[in-house]
Number of protein chains: 2
Amino acid sequence: MEDVAARAGVSRALVSIVFRGAVGASEGTRERVFAAAADLGYQPDRRASRLGRTRTRMLGVVFGVGHAFHGDLIDSLYAAAAVSDYEVVLSGVTPRRSEEEAVRALLAERCEGIVLVGSALPSPALSELAGRLPAVSVLRDVRVEGVDVVRTDDAEGLRQAVTHLHGLGHRRIVHADGGRAPGAAQRRRGYRSAARRLGLPSMPLLPGGLTEEDGARAAGALLRLPPGEGPTAVTAFNDRCALGFLDAVRRAGLMVPEQLSVVGFDDIRAASYAHIALTTIRQDADALGRLAIERVASRLDGGEPPGSPVVVAPALVVRATTGAPR
Amino acid sequence: MEDVAARAGVSRALVSIVFRGAVGASEGTRERVFAAAADLGYQPDRRASRLGRTRTRMLGVVFGVGHAFHGDLIDSLYAAAAVSDYEVVLSGVTPRRSEEEAVRALLAERCEGIVLVGSALPSPALSELAGRLPAVSVLRDVRVEGVDVVRTDDAEGLRQAVTHLHGLGHRRIVHADGGRAPGAAQRRRGYRSAARRLGLPSMPLLPGGLTEEDGARAAGALLRLPPGEGPTAVTAFNDRCALGFLDAVRRAGLMVPEQLSVVGFDDIRAASYAHIALTTIRQDADALGRLAIERVASRLDGGEPPGSPVVVAPALVVRATTGAPR
DNA sequence: TGCTCGTACTAGAGCGCTCTAGTTGAGGAG
DNA sequence: CTCCTCAACTAGAGCGCTCTAGTACGAGCA
C-alpha cells in the first residue's frame, strides 16, 4: 500500500479512500491510484481492512456440504449478501466436522451474524449462540429466544399436495414421513390437517426420511401392505425420498401415475429432469436466502430485535408423477 | 486480551503465548490465563492473529456447492488440513458466482495456497494463479506449468469397468460419454484402449454428461438403436449419469442386469443404496483430499517445486447392476 | 561469593489496513 | 481584500494480535 501511495504520489490514506470507494478523492487521483496498484499487482488485504474497521460486515453460513438444496440456498445467500454489502463466510458441516465446530470457526473470525442452514443444533447451544450475535435458522423451525427463523410453510405445502391429489380423485393418500428432519413435524401436521379437512380416511404413516434410501424403504413398507389396503397416492417428505420411493415401486412393477401417484417436496433440480418429472412442492430457495440475509442485516444495521418466524409460501409444481386414480 | 491479562495478573504477551500453546509459560500461569479467559468469555481473534503472524496458514478451497462428490472431498480436505495445521477457507461456485470470483475472494484473504476442486478455469487464468501461490487442481487433469494435479486414474477406472464386463461375457460394450467434463477425455481413452486390447468391436459413444438428465438422454439414444445393434453393457461417465440412464432404460422395459449391464464412476453415496446397488468405479475421496493438502503443504513448508500429477488408483465396486449377458 | 544458564515473563514494535482530526488552497460572498 | 466554505488531501493513532529482544531471578557450579 505504501508503495502504491508512493508511486501514485499520494498518501496511504488516499489509497485507502480510493479502494474503499469512499468520497474525498478526485477523479484524476482515483485513476492514478488504480494505475499504480495495477502496475504493482497490489490488492488490498481484507483481513487487515476488517481489523481496522469497527464492523467486519461478515456473515457466517453453516451448511451441509454436498446437500443439493443447501447448494441452491448458498447461491441465494451469496447474491443477497452482496446486495446488502455483506460478505459471506462459509463453514461446512461434514461427517467429520460437527456443526459445533463449524460455528466455532465462524465466531473466531468475528462474524457479525450467523445463518444456520438446516441446523441440528440443540436448543441450549442455539440459545447461547443467539446471545452472542444475531442468528437465523433457515429451513428448521426452532423456538428459541433470540433466534430468527426463515422457513417454508411446510404444513401448507403438504396441504397443497393433499388437496391436489384429492382434486384428482384420490381418497387413500399416505405420507412417507421425515422423522426428526427439519420441517418433518410440520409436514406431518399439514398432511393430517388436510386429510381431516377433506374427510379422507386416516392412514398410518410410512417410515421415510431424508434420502433416496429412506424412500425406497418406505416403498418396501407400502408394498407389504395387504392388497386393497394400500393407498392410491403418496406424499413424500422430500424429493430425494420421493425419488427413491419411485424407483422402488416402479421396479416392483407398479405404474406411476396410473396405479400410484407420488408428490415430493423441495423441487430440487433432479425433480424437473424430463425423465423424472416429479410433481412436487417447491421451496423458494431464492426467497429463503434473501429473507435470511434481510433478517440478520436489519438486526445488525437497523438494530431491530429478533422477529417472529418468516414463513415463505411453497408452490405446487405439477409434473408427471400424479394423475387420477385408476 | 488486555482484560484477560490483567485478570490473570500477567502481560498480554503471556496470554498470547498461552493461547498459541507456545513454550514459555508455567503450568500455573496457563491455568490462570484460561480461567480468566473463560470468566470473561474471551476468544482470540483469528483475523488479528493472522495479521500479526508472518504466515497465515490458510488454504483456500474452490468447489461447487451442492455437488455430492465435492462434499465428500471437502470432508477429506478439512481433515487433512487439520493434520498439517492449516486452516481451510471455502469459496463456493454457484450459478451466480463464478469460479473467477471465488478465486478472487480467496486471494483477498491472503490464502497461502489454493485447492481447486473440479475446476473449469481456462489455462491462462490457472497459469496466472499458479504464479501467485501454490495451486493444485483436484479431479481435473490440467497441464499448466506450476499447477499441481491430484486426480483419479480415470483411464484405469474405465479399463477396470470394461475388463469386468468382458469377464462377465460381454462383447458389445458402449460408453456414455462425459463430453468436456473433468476426467471425461481420460475415461473415454480408457474405455477405448481396453476395448481395443480385449478385441471388442468398436462402438460409437453415447452422448452423456454429468447429470441424471444426461444419462437419461444417453438411454434415449441407446433405445433408438436398431434391434440387434444395441450393446449388452454400458459404462457411464459417472454415477449420476448412470442413475439417470438406469431409470430411463428400466422405464422403457429393459431389465438390468439381465438385458443390460451398467457401470458408473465415482461411487457417490447413492450408488450404494440397497435399492440402487450400482456397480461402479470408486474414486477415493479421502486419498484425493489428503494428497491435495500434502502437495500444497509440502510446497509451502518444504519449499518443494510443483511435481508431476499425483494419480490415485480407482477401485471396482461390484454391486447389482452388472451380470452375464442374457 | 560471583558467575553462568535457563525458565518465566514483559515491553514494545510491527502486521496492513481504517478513520478521525486535522491542513491546504481554490473559489465565492460581502 | 478579507473571511468563509468546501473539496482534496495528509498525519498518525488505533484495530487485536505476534514476536523479537529484552529483564528478573533462582539454581547450579567453581
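First the proteins, then the strands, lettered A, B, ... as listed; each starts at 1. Any value given below was found using the heavy atoms of this structure, including those in side chains, with hydrogens, waters and symmetry copies removed.
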Pairwise salt bridge (Lys or Arg N to Asp or Glu O under 4.0 Å) hits with a residue in residues 119-129 of chain A, at least two apart: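 Every pair satisfying salt bridge (Lys or Arg N to Asp or Glu O under 4.0 Å) with a residue in residues 119-129 of chain A: there are none.
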Which residue pairs pass the side-chain hydrogen bond (donor to acceptor under 3.5 Å, both in side chains) test with at least one member in residues 116-127 of chain B, sequence neighbours excluded?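 Sorted pair list: B/Glu99-B/Ser119.
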Pairs involving residues 25-58 of chain B, ordered by first then second residue, that meet ring-ring contact (aromatic ring centres under 6.0 Å, His included) (sequence neighbours left out):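 ring-ring contact (aromatic ring centres under 6.0 Å, His included) check on residues 25-58 of chain B returns B/Phe19-B/Phe34, B/Phe19-B/Tyr42.
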For [X], I'd like to know if atom [atom1] has over 12 heavy atoms of other residues, nucleotides or ligands within 6.0 Å.
{"X": "A/Arg140", "atom1": "CZ", "answer": "yes"}
{"X": "B/Arg57", "atom1": "CZ", "answer": "yes"}
{"X": "B/Arg30", "atom1": "CZ", "answer": "yes"}

Please determine whether side chain to side chain contact (heavy atoms under 4.5 Å, CB included) holds for the pair B/Glu304 and B/Arg295, giving the CA-CA distance in whole Å, both sets of side-chain angles, and the decisive distance to 0.1 Å. CA-CA 9 Å; B/Glu304 286 179 28; B/Arg295 207 74 275 290; 3.2 Å; yes
With sugar-phosphate meaning primed atoms plus P, OP1 and OP2, does A/Arg47 contact a base, only sugar-phosphate, or nothing at under 4.0 Å between heavy atoms? nothing
Chain B reaches DNA chain D, atoms under 4.0 Å from its heavy atoms, from D/dG16 to D/dC19
For DNA chain D, the residues among residues 1-11 of chain B that have a non-hydrogen atom under 4.0 Å from it: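 Of all residues in residues 1-11 of chain B, the ones placing a heavy atom under 4.0 Å from DNA chain D are B/Met1.
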Which residues in residues 19-31 of chain A have at least one heavy atom lying under 4.0 Å from any atom of DNA chain D?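 Close to the strand are A/Gly24, A/Ala25, A/Ser26, A/Thr29.
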Tell me, with the steps shown, if B/Leu107 and B/Leu129 meet side chain to side chain contact (heavy atoms under 4.5 Å, CB included). CA-CA 9 Å; B/Leu107 291 177; B/Leu129 188 60; 4.2 Å; yes
When A/Arg55 and B/Leu14 are each assigned the nearest nucleotide of DNA chain C, the 5'-most assignment goes to B/Leu14
Taking for each residue the nucleotide of DNA chain C with the nearest heavy atom, is it B/Ala48 or B/Ile17 whose nucleotide lies nearer the 5' end? B/Ile17
I'd like to know if A/Arg50 pairs up with B/Glu109 as an ion pair, taking the criterion as any Lys NZ or Arg NE/NH1/NH2 lying under 4.0 Å from an Asp or Glu carboxylate oxygen. yes
Under a 3.5 Å threshold, yes or no: a donor from one side chain and an acceptor from the other, between A/Ser49 and A/Arg20?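 Checked: A/Ser49/A/Arg20 side chains show no N/O donor-acceptor pair below 3.5 Å.
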